[in-house]
Amino acid sequence: MREIFKLALRNLKEHKSKTIIIASFLVFGIAIVILGNSFLESVNRGLEKDFRTNYTGDIAIGKNPEKGVINDLFGVNTTNITTEIPQLPAITDLDKVMEIVNQTEGIKSHTKLISAQILVAYGVEMDLSDLIDRDDLGFDDLPISMLFAGEDDSYWNTFPSVNFVEGTYPAAGTNEIMIDTRVKKAYESLYSRTLNLGDTVLCAGANSNNVIREAKVVGIFNPPNENSAMFQIVYCNPDFARAFADLTYASNFENQIPDSIDLSINTMDEDDLFSSFDDDLFSIDDTSSAFVGSGIEDFDSILGDTSLRDELNKTDDGAWHYILAKAKNPGQTQSIINELNEKFKEEGLDVYAMDWKRAAYSYSQSVEGIGLVFNILISILAIVVFIIIMNTMIVSVIERTGEIGTMRAIGAEKKFVRRLFFSETIMLTSISSLLGIIVAAIVMAIFNSLNITITNSIAKMILGGGLLRFSPTAGIIITTIVVAIGGSVISNLYPVSSALKITPLKALNQGGN
C-alpha cells in the first residue's frame, strides 16, 4: 500500500495542470461550505443562547393551537386572512398543569407569562393609517413593541438579565411600565419630544379591540444582548397586559351568552327604542334642566342591568398564556418535554410543552429558512464541482490510457490500477481539504476581527442577531472533509471503471497513437 501512495504522489506531480485544476475547485468548494456552515452555526448558537437565557427559557407550555395555526410567545402565526389580529389563547386547567410541572423532576425554576403587542403613543389616540402613509418612517421608527407581563418576582428570578439604564420594576397592581431603550428612541423620534421617567404615555393595543390605557414609565432598560434579534419590549403588570391580550372573564364563555343577560333590546325598533324620550328633550330652557331632566332620567335603563357586562369585561386575574421553565440540566430539555407531554396527554389536558425553537417560532423559522436556502445552494455547488472533477478525471484517464495499458501488460491487476487512481483522488482531496480549511480560517479570522453588526430590526430578525460572525466547529470541518473525499471517490468511479474495461493490448495501441 505504501508503494501505491508513492506512485500516486508521483503521478500527481507529473500531471500538474490537472492536479491544480481539480485542487482549485476542491479548495474553493470546501472553503465555501465551511464558511457557510460556520455562519449558520453562529446564528443558531447565538439565537438559542439569547432566547433560552432571556425570553423563552428551556421549556414553554401553552394551549394547543387550532389546526393550521402555530402559536409562539410573540403571537399567532396563521395564513388565515381576517379583519383582526388573532389573540393567543389562555392555558386551560391551569391548576392541573401547574401540579404536573411542580411534580416533574429536572425543572429548576418556572414562571408564567402574558404576551401582547402595543403601540406607545403620546397625548391622543393614534391613527396608524396616518403613520403608514408617511414615507419618512421606517418600521424601526415606530414605538411598536411586545408587551410582556410575568408572574410577580418569579419572572425576574427566572430571567434576571435586565440591564437597567434608570428606574425600577413596575409596582404590583399599577399601570406602570418599563420600556426598552429602542422604544424610547422611536417614541422621541416620532413625537419630537423626550420621554423620561415619570412621564405618562398611551398604550394602544395592536388588535382590533382598540384597547387604550394610560401608563406611567418607571423604568428604562437596555436589551440583555445589544445584538439580539428580539424585538423591542415593554414590561408591565399582568392585569395591565390582560386588557390588551383580551384575557377577560367574557372570553371564557366562548360564544355562550348567559340567560341572565337581557337581550330584549335586540328586538326593539327605532320607535320603541326612543319612545321614552320627550319631544322637548333637545329644547334648551333657561328655567329648566331639560337636557338632564325627567325625559332621560331612565336613559341607562334601556340597556337593562349592565352589572354582569361590567364584571365580564374585567380582566381574568387567573389567565396566563404560557408557563416558562428552565431545566437543571439544559441537555435533558427534550426528555423533560417528552415526559410533560405524556403526562398532559394522560390527563386529557389541552396543552403541550415545546422547546425554545418552537416557542420562538417567529424568529427561528427565518433562520431555518436561510439554512434551507444555503443548503440548496451548497448542494448545487457540490454537484457542479463534482461534475467538473468527473469530467477532468475522464480526460485525465483517457490521456493515461497508454500508462494503464503498460501497467496491465506487465502484470498489474485491475484492483491495483483501481487502488492507484483512488489513492490519487484521496491524496488530492485530503491536501485540498487542508488548504480549504486554511483559507476558510483566514477569512473567518479577518471577518470576525471586524466585528460587523447590523442595526435594522428586520434584518436582525432574519439573520438571528445583529453581530455577524463565523463559529466553526470540529463537526463542521470533519463532515466537510468526509463529504469531499466521498464525493471525489464517487466522481472517480465512472472514469476508472471505463478505463479498466479496455484490454491491455488495445490500451497500448491507443497509448501509442
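Predicted model only: the values in this text are computed from it and were never measured.
In terms of heavy atoms, Tyr55 sits closest to Pro224 at OH-CD, 3.5 Å. Of all non-hydrogen atoms in Ala245 and His321, the two that sit nearest each other are CB-CE1, 3.5 Å. Between Val351 and Asn64, the closest heavy-atom pair is N-ND2, 3.4 Å. Phe74 and Ala360 make their closest contact through CE1-CA, 3.8 Å (heavy atoms, listed as atom of the first residue, atom of the second, distance). When all heavy atoms of Asn175 and Glu214 are compared, the pair lying nearest together is ND2-O, 3.3 Å. Of all heavy-atom pairs spanning Phe374 and Gly36, the tightest one is CZ-CA, 3.1 Å.
Atom-to-atom distance recorded for Thr480:OG1 and Ile378:CD1 is 9.0 Å, nearest 0.5 angstrom. The line from OH of Tyr322 to CD1 of Ile91 is 8.5 Å long, rounded to the nearest 0.5 Å. The SG atom of Cys236 sits 8.0 Å away from the CD1 atom of Ile114 when rounded to the nearest 0.5 Å. Interatomic distance, Leu340 CG to Met354 CE, rounded to the nearest 0.5 Å: 11.5 Å.
Panel note: side chain Ser38, backbone Phe470; no donor-acceptor pair is recorded below 3.5 Å. Of the possible polar contacts, none joining the Asn37 side chain to the Ile34 backbone as a donor-acceptor pair under 3.5 Å is found. A side-chain donor-acceptor contact under 3.5 Å links Asn341 to the backbone of Ala353. Tyr122 places no side-chain N or O within donor-acceptor distance of the main-chain N or O of Leu190, the cut-off being under 3.5 Å. Proximity of a side-chain donor or acceptor of Thr104 to a complementary backbone N or O of Ile100 within less than 3.5 Å is detected. A donor-acceptor pair is defined here as one N or O able to donate and one able to accept, closer than 3.5 Å; such a pair exists between the side chain of Lys326 and the backbone of Thr158. The backbone N or O of Asn451 lies less than 3.5 Å from no partner atom in the side chain of Asn448, so there is not a single donor-acceptor pair. Of the possible polar contacts, one joining the Asp72 side chain to the Ser362 backbone as a donor-acceptor pair under 3.5 Å is found.
A salt bridge links Arg242 and Asp239; the closest N-O separation between the charged side-chain nitrogens and carboxylate oxygens is under 4.0 Å. Note on Arg182 versus Asp180: salt bridge recorded, some NZ/NE/NH1/NH2 to OD/OE distance being below 4.0 Å. The existence of a salt bridge linking Glu347 and Lys343 is excluded, since no basic side-chain nitrogen approaches an acidic carboxylate oxygen closer than 4.0 Å.
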Output, in order, the C-alpha distance, side-chain angles, deciding distance and verdict of side chain to side chain contact (heavy atoms under 4.5 Å, CB included) for Trp356 and Leu47. CA-CA 10 Å; Trp356 77 271; Leu47 192 68; 4.0 Å; yes
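No more than 12 heavy atoms of other residues, nucleotides or ligands shown are found within 6.0 angstrom of CD on Glu66.
A cation-pi arrangement is absent between Arg213 and Phe240, since the terminal nitrogen or guanidinium carbon is not both under 6.0 Å from the aromatic centre and inside a 45° cone about the axis.
Checked by atom type, the side-chain pair Thr174/Asn237 shows a donor-acceptor distance below 3.5 Å. A donor-acceptor pair shorter than 3.5 Å can be found between the side chains of Gln334 and Asn338.
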